[in-house]
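Shown next, in structure tokens, is the structure this report addresses.
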Amino acid sequence: MLTIARTLMTNPELLLLDEPGEGLAPLVVKAMKDQLLEIKKLGVTMLICEHNVGMAMALSDRAYVMDKGSFATRGASMN
């Protein structure tokens, strides 16, 4: 979470997130998701690699689902 905050101080155009909710309590993950939605509203593009499908779909406009190294499906998210 600290790394995300430090990165946002540089006003990035693209934010790369690898498992941002990993190891965090469910309430903290929800709070992070809410904050990432606010960041999205500001126009920051995010590329997220996430196992938590609910969080990933809530944050995404497009989704790419991989299974064993291959794309299983891709398309517009239904958020």
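Start at 1 with the first residue, then count along the sequence.
- A pairwise comparison of heavy atoms in Met55 and Pro20 identifies CE-CG, 3.7 Å as the closest pair.
- Between Thr7 and Pro12 the shortest side-chain heavy-atom distance falls below 4.5 Å.
- Scanning all heavy atoms of the two residues, the minimum distance from Ala63 to Met57 falls at CB-SD, 3.7 Å.
- Take Ser70 and apply the side chain to side chain contact (heavy atoms under 4.5 Å, CB included) test, not counting sequence neighbours, and it matches no residue.
- Atom CG of residue Leu37 and atom CE of residue Met32 lie 12.0 Å apart, to the nearest 0.5 angstrom.
- Looking at residues two or more places apart in sequence or on another chain, you find no side-chain hydrogen bond (donor to acceptor under 3.5 Å, both in side chains) involving Lys68.
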- Task: Could you walk me through whether Asp18 and Cys49 pass side-chain contact (heavy atoms from CB on, under 4.5 Å), step by step?
- Result: CA-CA 5 Å; Asp18 183 18; Cys49 178; 3.8 Å; yes
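- Evaluation of the ring-ring contact (aromatic ring centres under 6.0 Å, His included) test over residues 9-34, restricted to residues two or more places apart or in two chains, returns none.
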- Message: For Leu36 and Leu17: C-alpha separation, side-chain torsions, deciding distance, then whether side-chain contact (heavy atoms from CB on, under 4.5 Å) applies.
- Response: CA-CA 10 Å; Leu36 290 172; Leu17 300 166; 3.9 Å; yes
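- Distance check: Glu22 CD to Leu24 CG gives 8.5 Å after rounding to the nearest 0.5 Å.
- Sorted by first then second residue, the ring-ring contact (aromatic ring centres under 6.0 Å, His included) pairs that include residues 53-74, not counting sequence neighbours, are Tyr64-Phe71.
- Residue pairs meeting the side chain to side chain donor-acceptor pair (under 3.5 Å) criterion with at least one partner in residues 25-37, sequence neighbours excluded, are Lys30-Asp34.
- For Glu13, the side-chain hydrogen bond (donor to acceptor under 3.5 Å, both in side chains) criterion is met by no residue, not counting sequence neighbours.
- With contacts defined as side-chain heavy-atom distances shorter than 4.5 Å, the pair Lys40/Thr45 does not qualify.
- In this structure, OG1 in Thr73 is found 11.5 Å from CG in Asp67, a value given to the nearest 0.5 Å.
- The 12-atom threshold is exceeded at CG of Leu14, counting heavy atoms of other residues, nucleotides or ligands nearer than 6.0 Å.
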- Message: Apply side-chain contact (heavy atoms from CB on, under 4.5 Å) to residues Leu8 and Leu15 and explain how you reach the verdict.
- Response: CA-CA 8 Å; Leu8 290 173; Leu15 186 59; 4.1 Å; yes
- Item | side-chain contact (heavy atoms from CB on, under 4.5 Å) assessment of Arg74 paired with Val65 | CA-CA 6 Å; Arg74 64 189 113 200; Val65 178; over 6 Å; no
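- Shown here for Glu50 and Ala56, the closest heavy-atom pair between the two residues is CB-CB, 4.1 Å.
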